[in-house]
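One structure is given here, and the rest of the page talks about it.
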Amino acid sequence: MSRLQQQIKLIKRPVGLPTNEDFEFIEAPIEEPSEGEVLVRTVYISVDPYLRGRMNDVKSYIPPFKLNSVITSGVIAQVVESKSPKFEKNDIVIGSLGWQHYSVAKESEIRKVDANIAPASAYLSVLGMTGLTAYFGLLDIGQPKEGETVVVSGAAGAVGSIVGQIAKIKGANVIGIAGSDEKVKYLIEELGFDAAINYKTENVKMALNKACPNGIDVYFENVGGEIADAVFPLLNKFARIPVCGAISAYNSESIDIGPRVQSYLIKTSSLMKGFTVGDYGSRFQEGTEVLAGWLQEGKLKYEETVTEGFDQTIDAFLDLFEGRNIGKAVVKVSEIE
Ligand code: NAP
């Protein structure tokens, strides 16, 4: 008889903020790999805000999760059994895999990671999807120049913390907006941001006015809503706005309507451009190499909020909407052997 494992399935489409009732832990057999496949043990699960969008039954850049199927996200895993010439037992791999203890993956669905460059979990953060999002969104769309002012929201999170540091590498003045005094302190003291604003306790408009006496040249948008509303009046001529995310609206039950942006964009000839990291798929190797170089030179730091235990995966995901993470939120499911 095959061994059993736990999986997490989406059983209801969340309305507003998801709750534990939208998910179910179930027991299922561990599958056997066929030729060209490997059996892997989950080590780290990435929990990400974009997964919330996949829980809705709406058309997007990535298909919605099917009800009663296992949720998937970025996973670091270790090979237990290989039926592929490309992988050996104990290799550390990354792929978009299920929220479960063990997965069978086709050899084309996973790739090896080099744990000599950085700890394996870094391939879910600074050297993975969120680091690449920061790199391409900021440099390709934001294009910060020396002496310019860059504002980033969601600044202490996985993407925002890397955006701010890359902007510093490019010689910009960097202002972060985040949701606690601890995060503000972290941004200034640990990451070298020039200023940071706690949007939960400060008047963001007034604080931005003070922190950006020369206006704003780049606004890296992670959250949308009232924080973005406070930024638009301060845009400089030819400002750039990479629109990466809008987490403040992800759990909204009604359409998010705020001040219209058109007049600000026209007056300032600003560029506002949405993107997904997948747009830059053909340049991932370049991005990873540059980020790894900065990491090794000590120019880039990264933080992780590691939640221990598979049974805490839903809570770790929900914590994103409460701002409980600093840096990348991951769940540690097992040890690397
Ligand atoms: P993250 O910033 O590590 O975690 C989410 C953070 O959002 C929380 O820690 C919280 O920090 C903040 N937040 C939660 N609810 C909020 C609200 N109502 N208003 C303002 N801030 C709120 O997540 P991430 O992975 O780096 O993602 C950041 C953004 O980028 C998300 O919008 C995500 O969807 C987007 N993203 C886009 C791409 C792409 O390809 N376009 C790729 C990755 C991520 P505070 O304590 O500061 O509130």
Side-chain angles (χ1 to χ4, degrees), residues 16-18 45-56 60-62 73-74 96 121 124-126 128-138 140-142 151-166 175-187 191 193 196-202 204 219-231 241-253 256 258 273-281 283-284 287 302-307 316-331:
L17 188 68
I45 290 175
S46 176
V47 286
D48 300 273
Y50 81 92
L51 299 170
R52 175 64 186 88
R54 294 196 70 188
M55 292 170 190
N56 296 336
S60 185
Y61 62 94
I62 188 164
S73 69
S96 179
S121 56
L124 294 176
S125 60
V126 62
M129 190 268 284
T130 52
L132 292 167
T133 302
Y135 178 85
F136 288 113
L138 181 68
D140 194 61
I141 303 170
V151 172
V152 53
S153 55
V159 174
S161 59
I162 303 300
V163 166
Q165 292 181 83
I166 297 175
I175 290 90
I177 305 175
S180 73
D181 288 344
E182 183 196 2
K183 291 184 180 184
V184 163
K185 192 165 181 264
Y186 165 71
L187 294 173
L191 302 188
F193 281 40
I197 296 164
N198 178 348
Y199 73 90
K200 290 187 178 161
T201 58
E202 294 180 67
V204 178
Y219 173 51
F220 194 101
E221 172 72 290
N222 278 322
V223 307
E226 290 176 7
I227 291 173
D229 294 343
V231 169
I241 307 157
V243 183
C244 174
I247 192 169
S248 73
Y250 290 178
N251 293 310
S252 287
E253 291 175 49
D256 185 40
K273 186 176 187 302
F275 74 99
T276 68
V277 65
D279 300 343
Y280 297 93
R283 292 174 57 195
F284 278 0
Y302 71 101
E303 193 64 50
E304 290 169 345
T305 297
V306 182
T307 301
F317 169 63
L318 297 180
D319 281 353
L320 292 169
F321 302 100
E322 304 292 337
R324 295 219 169 89
N325 62 305
I326 291 192
K328 181 75 190 86
V330 295
V331 179

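As the structure lists them, so they are numbered: ligands from 1, and atoms in each ligand from 1. Values in this document were obtained by computation on a predicted structure and should not be read as measured data.
S153 and Y219 share a side-chain donor-acceptor pair at under 3.5 Å.
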Go ahead and list the nitrogen or oxygen contacts between ligand 1 and the protein that come in under 3.5 Å, distances to 0.1 Å, or just say none.
residue  : atom   : partner : partner atom : Å
ligand 1 : 3 (O)  : A158    : N            : 2.9
ligand 1 : 3 (O)  : N325    : ND2          : 2.8
ligand 1 : 4 (O)  : N325    : ND2          : 3.3
ligand 1 : 9 (O)  : K183    : NZ           : 3.4
ligand 1 : 9 (O)  : N325    : OD1          : 2.6
ligand 1 : 11 (O) : K183    : NZ           : 3.3
ligand 1 : 21 (N) : Y199    : OH           : 3.2
ligand 1 : 26 (O) : A158    : N            : 3.2
ligand 1 : 26 (O) : V159    : N            : 2.8
ligand 1 : 30 (O) : N222    : OD1          : 3.2
ligand 1 : 32 (O) : N222    : O            : 2.9
ligand 1 : 32 (O) : Y250    : OH           : 3.1
ligand 1 : 34 (O) : Y250    : OH           : 2.7
ligand 1 : 40 (O) : V277    : N            : 2.7
ligand 1 : 41 (N) : C244    : O            : 3.0
ligand 1 : 41 (N) : F275    : O            : 2.9
ligand 1 : 46 (O) : K183    : NZ           : 2.6
ligand 1 : 47 (O) : G179    : N            : 2.8
ligand 1 : 48 (O) : Y199    : OH           : 2.5

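Between the CZ atom in F193 and the NZ atom in K183 there is a gap of 12.5 Å [rounded to 0.5 Å].
Counting all heavy atoms, side chain and backbone alike, V331 lies closest to A316 at CG2-CB, 3.6 Å. Contact detail for F317 and D48: the closest heavy-atom pair is CE1-O, 3.4 Å.
In K185, the NZ atom is not crowded: 12 or fewer heavy atoms of neighbouring residues, nucleotides or ligands sit closer than 6.0 Å.
For residues 243-252, the pairs satisfying side-chain hydrogen bond (donor to acceptor under 3.5 Å, both in side chains) are R52-N251, with sequence neighbours left out.
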